[in-house]
2 protein chains.
Amino acid sequence: MAIKDSNTEKQIVEAARHIFFKEGRFKATTQEIADAAGVTRTLLNYYFRSRDVLFEKILQDARENMDAKLKTVMEGSSSFREKIEYFIDVFIEQSLNLPYIDAYMISRMNDGILNPDEVVDKLATRDMHTKVKRFLKEIETEIEKGTIPHMTPLDFMVNLSSLLAYPGVAQPMFKKIFQMSDKQYRQFLAQRKAAILKALFK
Amino acid sequence: MAIKDSNTEKQIVEAARHIFFKEGRFKATTQEIADAAGVTRTLLNYYFRSRDVLFEKILQDARENMDAKLKTVMEGSSSFREKIEYFIDVFIEQSLNLPYIDAYMISRMNDGILNPDEVVDKLATRDMHTKVKRFLKEIETEIEKGTIPHMTPLDFMVNLSSLLAYPGVAQPMFKKIFQMSDKQYRQFLAQRKAAILKALFK
DNA sequence: TTGCTGTTTGACAATAATGTCAAACATTGC
DNA sequence: GCAATGTTTGACATTATTGTCAAACAGCAA
């Protein structure tokens with residue numbers, strides 16, 4: 001059999017990942033992706049059945065990558081605060097590396113192309129619900145201990161998510177409002193950890 | 001001349017507003033909008049030149065509405081904390097009334113249909129930049145006073161925006177994760193004010 | 001060389017959505 | 001009634017994009 005000597009497939013994946021999740025151009029056509037990869041459009045259909053399948057692959061890769069990073073520490077025996085700090089670190093890193101992943105999920109959920117169930121299934125691990133419940137319990141304990149302000153565990157979790165995700169999601173807007181360059185905004189994101197912690201803990 | 005006795009135009013606007021910003025189905029076709037309004041598709045083009053123009057109108061209405069509400073108090077002489085509280089109130093009300101407006105801006109920014117400049121121009125008032133600067137100054141004063149945690153004014157502003165906008169933007173996701181009905185989520189949003197304040201102030 | 005398998009190409013078909021247009025219709029003023 | 005103006009309709013043209021397919025091509029094995 002003829003060996004696949006050229007790395008066409010990888011070139012396509014890389015180009016797509018870059019365009020979609022680094023540049024945030026979700027509407028990019030298969031033609032644009034093919035051009036960026038330096039191949040003909042038909043090859044996208046040859047290696048992946050459709051545009052959607054290509055997406056799936058990239059998305060799954062990103063999710064698995066993040067999952068792996070989080071799993072180790074989240075289930076470890078470190079303190080609540082340590083866990084949150086690590087969580088923030090991982091999330092900020094993701095925001096810097098693939099800034100538009102979250103924005104994509106949001107967009108697609110609202111487009112109706114993916115319904116929320118599918119989105120959640122895609123970005124969540126199987127046993128998400130039990131994990132969420134366990135996490136909410138932990139938060140409750142912390143509130144009793146007095147390390148975080150008194151509020152419902154749900155509010156705390158939503159606050160945490162918001163503080164982490166929105167600066168990435170609304171990146172283009174903030175850049176314009178604050179008249180920041182790409183580089184400046186990345187620096188801004190990179191230093192947010194302290195401000196996030198101050199918003200979360202007493 | 002024949003008087004426009006039927007309110008076709010209004011019906012279209014209402015249907016579009018509902019589908020786009022209450023249901024969040026941004027991809028809805030002109031046909032769907034026409035159906036919802038109970039008119040033929042061609043009438044969308046008759047009353048508004050194109051689908052985009054229709055969007056513009058609705059978006060502008062929403063913006064002007066919110067602007068009006070904010071302007072009065074923001075420029076008044078109330079305290080910083082009072083201003084923020086009012087800001088939160090208005091924003092939450094908007095989240096309940098037209099929950100998908102922000103998600104739309106985000107989506108469209110990233111779709112590349114609107115570039116960030118246009119988006120910001122659309123949702124911002126003319127003199128936004130001076131207002132932003134004035135607001136950042138106010139934040140700085142508050143930090144010196146010690147009413148809010150020590151961080152850059154930018155961080156504070158981004159925290160504020162995130163805590164307000166993200167729960168609306170990511171609404172479909174949160175509903176699924178927390179297994180909440182529409183009504184339950186609305187109730188959750190309605191009670192968030194205290195939790196937001198606790199995250200912002202010392 | 002010949003044949004096999006995987007790869008690449010260009011042309012084509014299918015689909016989905018938007019916007020246009022001429023003609024039909026309705027309402028009002030005269 | 002009948003012009004005149006605004007409204008509504010259905011058919012059509014246009015455009016953009018995706019996916020398919022048969023044929024050409026390249027490398028390896030016998």
Side-chain angles (χ1 to χ4, degrees), chain A residues 1-21 23-59 100 104 107-115 118, chain B residues 1-21 23-59 100 104 107-115 118:
Chain A
M1 64 195 144
I3 286 172
K4 177 186 63 185
D5 56 341
S6 99
N7 45 354
T8 310
E9 189 171 347
K10 274 187 186 167
Q11 280 173 277
I12 294 173
V13 169
E14 271 317 307
R17 192 195 334 268
H18 195 273
I19 288 183
F20 288 137
F21 297 135
E23 293 181 23
R25 297 179 33 237
F26 309 143
K27 275 275 184 74
T29 67
T30 50
Q31 186 62 62
E32 290 179 270
I33 298 166
D35 289 350
V39 303
T40 47
R41 196 172 61 82
T42 320
L43 286 178
L44 298 211
N45 295 61
Y46 177 70
Y47 284 103
F48 313 88
R49 226 164 34 92
S50 70
R51 188 184 189 278
D52 280 358
V53 172
L54 175 55
F55 244 110
E56 286 310 304
K57 177 170 176 52
I58 299 173
L59 215 51
Y100 290 92
Y104 170 76
S107 292
R108 283 308 172 264
M109 258 186 311
N110 290 323
D111 279 351
I113 291 178
L114 297 175
N115 69 38
E118 289 172 293
Chain B
M1 64 197 142
I3 285 173
K4 177 185 61 184
D5 56 341
S6 99
N7 45 354
T8 309
E9 189 171 346
K10 275 186 186 166
Q11 281 173 275
I12 294 173
V13 169
E14 271 317 307
R17 192 194 336 268
H18 196 273
I19 288 183
F20 288 137
F21 297 135
E23 293 182 21
R25 298 180 32 240
F26 308 142
K27 276 275 183 73
T29 66
T30 51
Q31 187 63 61
E32 290 178 270
I33 299 166
D35 288 349
V39 302
T40 46
R41 197 173 59 82
T42 320
L43 285 178
L44 299 210
N45 294 37
Y46 176 70
Y47 283 103
F48 312 89
R49 226 164 34 90
S50 70
R51 188 184 188 278
D52 281 356
V53 172
L54 174 56
F55 243 112
E56 286 309 304
K57 178 171 176 50
I58 299 173
L59 214 53
Y100 290 92
Y104 170 75
S107 292
R108 283 308 173 264
M109 259 187 312
N110 290 323
D111 279 351
I113 290 176
L114 296 175
N115 69 39
E118 288 172 293

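Letters A, B, ... are given to chains in the order of the sequence lines, protein chains preceding strands, and every chain is numbered from 1.
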B:Lys10 NZ to D:dT7 P, straight-line distance once rounded to whole Å:
14 Å

Using whole Å, what does the distance between atom C1' of nucleotide C:dA17 and atom CG of B:Asp35 come to?
14 Å

How about A:Phe48 and A:Val13: do any of their side-chain heavy atoms sit closer than 4.5 Å?
yes

Integer-rounded Å distance: C:dG19 P and B:Ile33 CD1
10 Å

CZ of B:Phe55 versus C1' of C:dT18: gap in Å, rounded?
15 Å

Which whole-number value in Å describes the distance from B:Ile12 CD1 to D:dT9 P?
10 Å

Over how many whole Å does the gap from B:Tyr47 atom OH to C:dT20 atom P extend?
17 Å

Using a cut-off of strictly less than 4.0 Å, decide whether B:Tyr46 has a side-chain nitrogen or oxygen near OP1 or OP2 of D:dG6.
no

Whole angstrom value for the distance that separates P of D:dT7 from CZ of B:Phe48:
12 Å

Could you list the residues that satisfy ring-ring contact (aromatic ring centres under 6.0 Å, His included) with A:Phe55, not counting sequence neighbours?
A:Phe20, A:Phe21, A:Tyr104

To the nearest 0.5 Å, tell me how far A:Ile12 CD1 sits from A:Lys57 NZ.
11.5 Å

Give the rounded distance in Å between these two atoms: CG of B:Leu43 and P of C:dT20.
15 Å

For A:Arg51, salt bridge (charged side-chain N to carboxylate O under 4.0 Å, His left out) partners two or more places apart
none

To the nearest 0.5 angstrom, please state how far the NZ atom of A:Lys10 sits from the OH atom of A:Tyr47.
12.5 Å

Please tabulate, for side-chain N and O atoms in residues 30-43 of chain A, each donor-acceptor pair with protein atoms closer than 3.5 Å (sequence neighbours left out).
{"unit_1": "A:Gln31", "atom_1": "NE2", "unit_2": "A:Asp35", "atom_2": "OD1", "d": "3.0"}
{"unit_1": "A:Glu32", "atom_1": "OE1", "unit_2": "A:Thr29", "atom_2": "N", "d": "3.0"}
{"unit_1": "A:Glu32", "atom_1": "OE2", "unit_2": "A:Arg25", "atom_2": "NH2", "d": "2.3"}

Could you list, one pair per line, each protein nitrogen or oxygen that sits under 3.5 Å from a nitrogen or oxygen of nucleotides 18-20 of chain D, together with the distance?
{"unit_1": "D:dT18", "atom_1": "OP1", "unit_2": "A:Thr30", "atom_2": "N", "d": "3.1"}
{"unit_1": "D:dT18", "atom_1": "OP1", "unit_2": "A:Arg51", "atom_2": "NE", "d": "3.3"}
{"unit_1": "D:dT18", "atom_1": "OP2", "unit_2": "A:Thr30", "atom_2": "N", "d": "3.4"}
{"unit_1": "D:dT18", "atom_1": "OP2", "unit_2": "A:Thr30", "atom_2": "OG1", "d": "2.6"}
{"unit_1": "D:dG19", "atom_1": "OP2", "unit_2": "A:Arg51", "atom_2": "N", "d": "3.2"}
{"unit_1": "D:dG19", "atom_1": "N7", "unit_2": "A:Arg41", "atom_2": "NH1", "d": "3.1"}
{"unit_1": "D:dG19", "atom_1": "N7", "unit_2": "A:Arg41", "atom_2": "NH2", "d": "3.4"}
{"unit_1": "D:dG19", "atom_1": "O6", "unit_2": "A:Arg41", "atom_2": "NH2", "d": "2.6"}

